[in-house]
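All remarks here apply to the structure that follows.
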Amino acid sequence: MSGCWHNGREESRVEHPGWRWMWAGVGLLAAVGCTRRTVLDGDPGERGSPPSQDDVVPPDTGGPSTAPLCLPDDVEGFSIPSARWGLASFLGSQLLAEPDDSALQLSPEWFLSSGWQADYFGCGGYGAPWSDAPSNTSGGCFALEQQTHWVEVMRLFPDRFSELDWPDSVDGDQPERSAVTLVHALYAGHLLLWRLDDVNPDQRLPATADPRTVARVATWLHAEGPWSRTAEVTLTSCPDDLLSCVPETAATYAAAAEAKLLALENAPCASMALSDADVEGFLTGLEPLWPSADWPAIERSVDAVRRTGTLEGDGPAVVDVVLSALDSTLFCPEQNLWDLYRYSCP
């Protein structure tokens, strides 16, 4: 049985259950079909069998055993802007998966649908279905904002973000730095959910009945920031029906982002070339965030795990090498941030 690599997990090729309408989709990878869905409950009965030997990276490369990466193919109004965007979206989902006890788990499709919703990828001047000319809007494709996002990441991660880096580090088409910044901003917002009623957000989010809760909360944290009154009202007043008690503008934005996410989750698997230039651009985009890393060594290791020349074939191994070579990606806040974040360092 073949599998797809999706949101950090190998997933089985099974029939698509209709009731999983938000978190599932059916796709094809070349001539092999596989279900594109995020397994939230860790049910081993829904996981695929181990990948074939042809899919396994040899041990001497240091790479993981992976199945193909299943990112969304073209749907109406959407096309992955570039292979770098594919890698950056997968990287974002993997960064959030690093704290083992964190409930803030998002799929690569969430990052792609957020860029689609926030700026329609006008940052890059990609042409149809996107804008023909780069937008001049500050904040890049995720429409990041100084007070909404950047202030929070500077507070929590001062050795990675500074006032001097804003806005040049995310303006324009910079998917790697934009995705990493958004990941850290979402994590800051996740910590700030403590302030609502001193309930651990990692206990709160899985306790809600609606499986769309995590994606919706992340969308609001992205669109309105971690001090959003919308998130406070929804999580404390109607956690199981998050669109029923929010302002109309927020509900409209969230519904539009959710529709885009659903479209991408139901798209077939994309097949896209991953060139030397794509990989070089991906690594170059990340380098300023980890200036002390040994990037020549990382590049050599990445080259060693590339096998197929495709995003779906090589993407998981490339991202795994990068994450394995970097230092801690999410830093513990300073103790003096307890009053804001209700978070104490181990």
Side-chain angles (χ1 to χ4, degrees), residues 7 71-72 77-96 104-126 129-131 133-154 156-157 160-161 165-190 192 214-228 230-231 250 252-254 256-261 263-264 281-282 285-286 288-289 319 329-330:
N7 198 21
L71 294 174
F78 174 85
S79 179
I80 294 181
S82 67
R84 285 176 57 190
W85 264 99
L87 288 173
S89 298
F90 184 59
L91 174 72
S93 70
Q94 296 301 95
L95 284 171
L96 282 172
L104 188 68
Q105 303 291 305
L106 299 169
S107 66
E109 289 90 341
W110 185 90
F111 288 89
L112 291 168
S113 64
S114 296
W116 184 7
Q117 173 66 27
D119 190 59
Y120 282 75
F121 297 106
C123 59
Y126 286 104
W130 315 119
S131 169
S135 99
N136 294 320
T137 303
S138 180
C141 280
F142 289 123
L144 299 170
E145 296 182 4
Q146 184 176 19
Q147 296 303 317
T148 304
H149 306 100
W150 200 259
V151 167
E152 300 302 331
V153 298
M154 284 196 304
L156 278 176
F157 314 105
R160 181 147 303 153
F161 303 95
D165 295 327
W166 177 266
D168 294 342
S169 63
V170 294
D171 270 359
D173 183 33
Q174 301 191 75
E176 301 83 14
R177 277 171 278 189
S178 293
V180 172
T181 301
L182 180 55
V183 164
H184 285 70
L186 292 173
Y187 193 67
H190 181 58
L192 279 169
V214 173
R216 283 177 170 172
V217 170
T219 295
W220 285 325
L221 293 175
H222 174 207
E224 301 185 16
W227 297 95
S228 168
T230 299
T252 299
Y253 184 96
E258 192 167 286
K260 291 176 174 63
L261 177 59
L264 298 191
F282 176 69
L286 291 173
L289 293 169
V319 169
T329 54
L330 294 174

Practice task
Just jot down the side chain to side chain donor-acceptor pair (under 3.5 Å) partners of Ser169, sequence neighbours excluded, or say none.
Solution key: none
Problem - Atom pair OG1/CZ of Thr181 and Arg160 - distance to nearest 0.5 Å - result: 10.0 Å
Problem - Donor-acceptor contact present, side-chain Arg177 to main-chain Val170, <3.5 Å - result: no
Handout entry: Distance, nearest 0.5 Å, that separates CG of Leu182 from CG of Leu95
Key = 11.0 Å
Exercise for the section: Quick one: list whatever passes ring-ring contact (aromatic ring centres under 6.0 Å, His included) with Phe78, sequence neighbours left out. Expected result: Trp116, Trp130
Handout entry: Non-hydrogen atoms of Asp119 and Ser135 that approach each other most closely
Key = OD1-OG, 3.8 Å
Exercise for the section: With sequence neighbours left out, write down each residue that passes side chain to side chain donor-acceptor pair (under 3.5 Å) with Thr252, or none if nothing qualifies. Expected result: none
Practice task
With sequence neighbours excluded, tell me which residues meet side chain to side chain donor-acceptor pair (under 3.5 Å) with Ser114.
Solution key: none
Fill in the blank from the handout: Residue set satisfying side-chain contact (heavy atoms from CB on, under 4.5 Å) with Pro167, at least two apart, ordered chain then number -> Ser138, Asp171
Fill in the blank from the handout: Heavy atoms of Leu104 and Ala218 approach each other most closely as CD1-CB, 4.4 Å
Problem - Distance-minimising heavy-atom pair for Gly140 and Cys123 - result: C-CB, 4.1 Å
Fill in the blank from the handout: In terms of heavy-atom contacts, Thr219 and Ala257 come closest through CG2-CB, 3.9 Å
Practice task
Not counting sequence neighbours, which residues clear side-chain contact (heavy atoms from CB on, under 4.5 Å) with Ala256? List them please.
Solution key: Gln117, Lys260
Contacts table for residues 82-90: side-chain donor-acceptor under 3.5 angstrom, sequence neighbours left out:
{"unit_1": "Ser82", "atom_1": "OG", "unit_2": "Arg84", "atom_2": "N", "d": "3.4"}
{"unit_1": "Ser82", "atom_1": "OG", "unit_2": "Trp85", "atom_2": "N", "d": "3.2"}
{"unit_1": "Arg84", "atom_1": "NE", "unit_2": "Glu176", "atom_2": "OE2", "d": "2.7"}
{"unit_1": "Arg84", "atom_1": "NH2", "unit_2": "Glu176", "atom_2": "OE1", "d": "2.7"}
{"unit_1": "Arg84", "atom_1": "NH2", "unit_2": "Glu176", "atom_2": "OE2", "d": "3.3"}
{"unit_1": "Trp85", "atom_1": "NE1", "unit_2": "Asp173", "atom_2": "OD1", "d": "2.9"}
{"unit_1": "Ser89", "atom_1": "OG", "unit_2": "Trp85", "atom_2": "O", "d": "2.9"}

Exercise for the section: List for me each residue that meets ring-ring contact (aromatic ring centres under 6.0 Å, His included) alongside His190, sequence neighbours excluded, and say none if there are none. Expected result: none
Problem - Sequence-distant partners of Glu145, side-chain contact (heavy atoms from CB on, under 4.5 Å), two or more places apart - result: Thr148, His149
Exercise for the section: Specify the closest pair of heavy atoms between Ser131 and Gly122, including all atoms of both residues, with the distance to one decimal. Expected result: CB-CA, 3.9 Å
Practice task
Find the distance between CD (Gln146) and CD (Glu152) and round it off to the nearest 0.5 Å.
Solution key: 12.0 Å
Handout entry: Residue that, paired with Phe111, satisfies side-chain contact (heavy atoms from CB on, under 4.5 Å) out of Leu106, Leu91, Leu261
Key = Leu106
Handout entry: Contact summary for Val319 and Gln94, nearest pair of heavy atoms
Key = CG1-CG, 4.2 Å
Handout entry: Counterpart residues, ring-ring contact (aromatic ring centres under 6.0 Å, His included), relative to Trp150 (two or more places apart)
Key = Phe161, Trp166
Handout entry: Pair Trp110-Leu96, side-chain contact (heavy atoms from CB on, under 4.5 Å): steps then yes or no
Key = CA-CA 12 Å; Trp110 185 90; Leu96 282 172; over 6 Å; no
